[in-house]
Amino acid sequence: MMSRSYTNLLDLAEGNFAALGPGGGGGGRRRSGSFGLKRMSRVMTVPGTLSELDGEDDSEHAATNSVASDVPSSVAGDRVIVVSNQLPVVARRRPDGRGWSFSWDDDSLLLQLRDGIPDEMEVFFVGSLRAEIPVADQEEVSQALLDRFRCAPVFLPDPLNERFYHRFCKRHLWPLFHYMLPFSSSASPSPSSSSSSSSSSPSSSSGSGRFDRGAWEAYVLANKFFFEKVVEVINPEDDYVWVHDYHLMALPTFLRRRFNRLRIGFFLHSPFPSSEIYRTLPVREEILKALLNCDLIGFHTFDYARHFLSCCSRMLGIEYQSKRGYIGLDYFGRTVGIKIMPVGVHMGQLKTVLSLPDREWRVSELQQQFEGKTVLLGVDDMDIFKGINLKLLAFENMLRTHPKWQGRAVLVQIANPARGKGKDLEAIQAEIHESCKRINGEFGQSGYSPVVFIDRDVSSVEKIAYYTIAECVVVTAVRDGMNLTPYEYIVCRQGSDSTSEVNGPKKSMLVVSEFIGCSPSLSGAIRVNPWNIEATAEALNEAISMSEQEKHLRHEKHYRYVSTHDVAYWSKSFIQDLERACKDHFRRTCWGIGLGFGFRVVALDPHFTKLNMDSIVMAYERSESRAIFLDYDGTLVPQTSISRTPSAEVLRIINTLCSDRRNKVFLVSGRRRDKLGEWFSSCPDLGIAAEHGYFLRWTRDEEWQTCTQTSDFGWMEMAKPVMNLYTEATDGSYIDPKESALVWHHQDADPGFGSSQAKELLDHLESVLANEPVSVKSGQFIVEVKPQGVSKGVVAEKILVSMKERGKQADFVLCIGDDRSDEDMFENIADTIKKGMVATNTSLFACTVGQKPSKAKFYLDDTFEVVTMLSALADATEPEPETDLTDEFDELAVSVSSVDIDDEQTPSDKLIGG
């Protein structure tokens with residue numbers, strides 16, 4: 001049973017937000033009143049922009065519903081709105097207490113990404129401020145940020161921010177995304193503050209790590225606040241929206257619901273966990289569906305993207321496809337792109353700091369301090385995932401196993417002070433200090449301390465000075481989203497044109513954990529498993545013992561990559577791919593359907609419309625020769641129906657349609673002929689094409705015919721053992737043997753393993769049956785082997801050609817189906833006029849069941865509407881006086897057996913008597 005609060009936002013929309021507790025209505029929100037939100041429509045089934053379809057007209061909502069920007073763009077044309085939890089702005093209260101002063105945060109990645117945005121595209125920021133702004137100052141602060149910085153601040157009430165950020169983001173999402181599960185209700189880990197060289201890491205405080213429904217509701221409501229601020233400034237026709245990081249993963253659903261053609265990108269700066277970890281999240285599907293409302297989703301590494309794709313497959317049943325180098329997920333007709341691009345450093349900023357005079361004397365001072373020593377450097381935030389103590393243990397092991405480094409090697413560890421609390425963090429800090437004391441006590445000498453531990457704030461200039469003199473940088477994080485420390489080190493070792501500390505060839509060495517995001521891009525680094533202390537110790541020895549030439553070659557390789565793949569390259573590449581992903585937005589018909597986080601936009605071809613009853617009835621009445629092709633499962637009976645037998649109403653309608661001698665009605669199904677014959681035995685004039693058209697009969701009293709000349713099914717004896725092998729190896733799979741085909745099903749198997757086995761089986765069967773007259777195809781949870789030239793499209797064409805040769809050329813064609821096998825029929829029917837199979841004035845109605853991408857031109861919502869439409873045609877039918885039609889159908893059947901559709905078809909494509 002699903003939780004009452006996890007699957008929809010209606011509780012929040014009512015304003016009954018218990019999560020805030022007493023006094024929740026106060027705080028920093030500019031608008032007065034409660035937290036009441038507009039009710040979300042349960043189902044939308046009308047095309048168009050969603051904001052235009054709302055029936056509510058309350059004044060507050062009317063203000064936020066405006067699609068026109070309250071902030072006119074200073075540049076005509078496109079604009080990118082960058083939305084993040086925090087603005088790249090530092091706010092400080094003036095010393096005299098009168099007002100606020102603001103400045104850009106030069107270390108903010110969000111500010112740096114502007115370098116990659118095209119000059120003609122304005123960048124606008126939406127986010128919150130680190131400083132607490134009193135309610136009385138918020139309007140003035142908002143205007144100042146808008147005028148001077150092109151920023152729109154979001155002010156969250158304190159109770160909401162506590163539950164949104166401090167409870168849900170930092171105590172649940174952040175640990176989970178770093179592979180830590182809340183096994184007990186004790187305090188969660190304490191992630192440190194984020195920096196430019198690490199994944200987004202919020203500060204923390206003590207509290208329960210178990211899932212908190214109130215905190216989740218606060219997370220959703222906080223995302224709603226960000227959404228409302230975006231609505232105030234957006235021009236949906238021209239703007240792109242780029243959402244950043246895990247704090248705002250619910251935001252895309254709000255945006256997509258209001259503006260169904262809005263161009264939305266999202267980038268996750270933290271790791272994305274494997275499906276085995278992620279599936280423990282109680283709101284796992286809600287977050288996945290929210291992200292899939294984006295047009296492009298970005299990750300630092302393929303591992304993170306692969307985990308996300310695996311979650312989509314296992315939990316939503318959505319498989320990805322790779323086409324021409326781009327990975328995409330087909331989500332209700334929209335292709336959601338997957339972008340894999342690690343972020344880089346800001347080369348201009350680093351080179352500016354490298355040129356500062358302050359740096360030179362600091363470097364000189366450090367060179368004197370460590371003269372004659374080989375310096376290894378670690379720069380990490382103080383949190384439990386950075387593996388600082390593992391690094392110390394490895395260094396200790398190296399000194400013990402390689403005594404030559406005693407008195408010569410120094411590990412300088414810079415630990416940015418922790419801003420959070422928690423028992424786990426306190427324990428790690430105690431271990432680190434104990435290790436430093438032990439190592440210095442055992443290996444230290446007069447004037448030599450093997451470990452220099454710096455646990456204070458270190459300025460950018462001082463940090464760069466340490467980078468400059470270090471022979472090797474060591475990163476042993478056990479899990480980190482990106483970590484730009486190695487990139488910064490490489491640039492500093494290269495130096496600027498004005499630096500002279502490093503003479504001769506530039507060189508650098510890296511020992512990095514395989515669990516950080518930058519590791520795959522540093523092919524010259526020594527990658528280690530930080531949990532393996534001995535192996536890491538050997539890697540440290542190898543790094544500092546390597547020849548100067550080898551260090552130089554590795555450094556050159558790394559510098560070429562880092563200097564060309566900087567933050568500007570990253571943002572430029574993302575925006576280009578976002579533009580490509582959104583190029584068809586305004587050329588497609590979009591429908592918003594679903595409620596809460598189940599909301600999604602269905603994107604359809606502009607010519608794809610709902611079948612109009614009056615139009616088809618009029619075309620039916622004025623026609624003289626009609627061909628009607630009906631699928632069975634999912635068309636005449638629901639796919640979810642337990643009983644698959646046709647209803648009395650369906651039998652009545654079919655018999656009425658068949659009673660008109662101007663009609664030829666065919667049931668075209670993948671089911672066996674004996675089952676279909678049994679179910680429709682009361683329909684004497686109904687034609688049946690069973691097993692996708694391999695078996696065919698024109699009336700109940702006719703003999704079954706086959707669609708191919710071959711009667712040799714020896715290939716089955718070759719295919720069955722192969723399928724049996726995969727069935728035995730794949731729990732939950734089974735074989736469905738038919739007279740003309742073999743079908744391997746894996747819908748009940750593990751999604752990932754079943755899909756993998758299906759691909760292997762497909763390749764295996766294609767190899768084994770390469771010289772056999774069969775086709776091997778994969779479908780939704782199936783692999784099927786059937787004779788060549790058998791499909792619903794082929795049999796439909798042959799029936800139409802046969803009708804033409806008997807002087808009954810169709811001038812009305814209706815075909816209805818719901819799955820992939822029916823798409824062949826839709827595609828072939830569309831070309832029948834061009835091929836001369838039907839009259840030039842023929843009314844063609846290819847209709848799919850359900851709103852989904854299809855080659856059909858029309859759709860009906862469900863089987864109920866299909867039966868209703870067929871009933872309307874039956875009511876318009878004029879039964880002919882009873883005559884003996886046996887001779888006519890005999891002649892028609894004989895003519896079908898000799899039909900050739902085109903010159904390119906092989907003899908096996910001809911219909912012959914069975």
For Arg314, which residues count as a salt bridge (Lys or Arg N to Asp or Glu O under 4.0 Å) partner, sequence neighbours excluded? Asp750

Got more than 12 heavy atoms from elsewhere within 6.0 Å of CG, Asp701? yes

From Ile688 atom CD1 to Arg700 atom CZ, the distance as rounded to the nearest 0.5 Å: 10.5 Å

Could you list the residues that satisfy side-chain hydrogen bond (donor to acceptor under 3.5 Å, both in side chains) with Asn655, not counting sequence neighbours? none

Tell me, please, which residues at least two apart from Ser740 pass side-chain hydrogen bond (donor to acceptor under 3.5 Å, both in side chains). Glu691

With sequence neighbours excluded, give me every side chain to side chain donor-acceptor pair (under 3.5 Å) pair touching residues 863-873. Lys610-Glu865

Does the Lys792 side chain pair with the main chain of Phe826, one donor and one acceptor, at a distance under 3.5 Å? no

Main chain of Ala810, side chain of Thr842: is a donor-acceptor contact present, judged purely on distance under 3.5 Å? yes

Under 4.5 Å between any side-chain heavy atoms of Leu288 and Tyr278, yes or no? yes

Just to verify, what does Glu276 make a salt bridge (Lys or Arg N to Asp or Glu O under 4.0 Å) with, not counting sequence neighbours? Arg279

Here the gap from His746 atom NE2 to Leu761 atom CG, rounded to the nearest 0.5 Å, amounts to 9.0 Å

Can Tyr734 and Gln747 be said to form a side chain to side chain contact (heavy atoms under 4.5 Å, CB included), step by step? CA-CA 9 Å; Tyr734 65 93; Gln747 65 263 37; 3.5 Å; yes

Inter-residue atom distance Met718.CE - Leu742.CG, 0.5 Å rounding: 12.5 Å

Taking only residues two or more places apart in sequence or in another chain, which ones pass side-chain hydrogen bond (donor to acceptor under 3.5 Å, both in side chains) with Arg672? none

Is Tyr632 close to Arg671 at the side-chain level, that is, under 4.5 Å between some pair of heavy atoms? yes

Using the rule given for ring pair (Phe, Tyr, Trp, His ring centres under 6.0 Å), can you reason through Phe299 versus His307, listing the C-alpha separation, both sets of side-chain angles and the distance that settles it, and then say yes or no? CA-CA 10 Å; Phe299 300 91; His307 294 158; 9.6 Å; no

Ignoring hydrogens and angles, state whether a donor on the side chain of Tyr726 or His764 is under 3.5 Å from an acceptor on the partner side chain. yes

Would the number of heavy atoms belonging to other residues, nucleotides or ligands and lying under 6.0 Å from CG of Asp731 be above 12? no

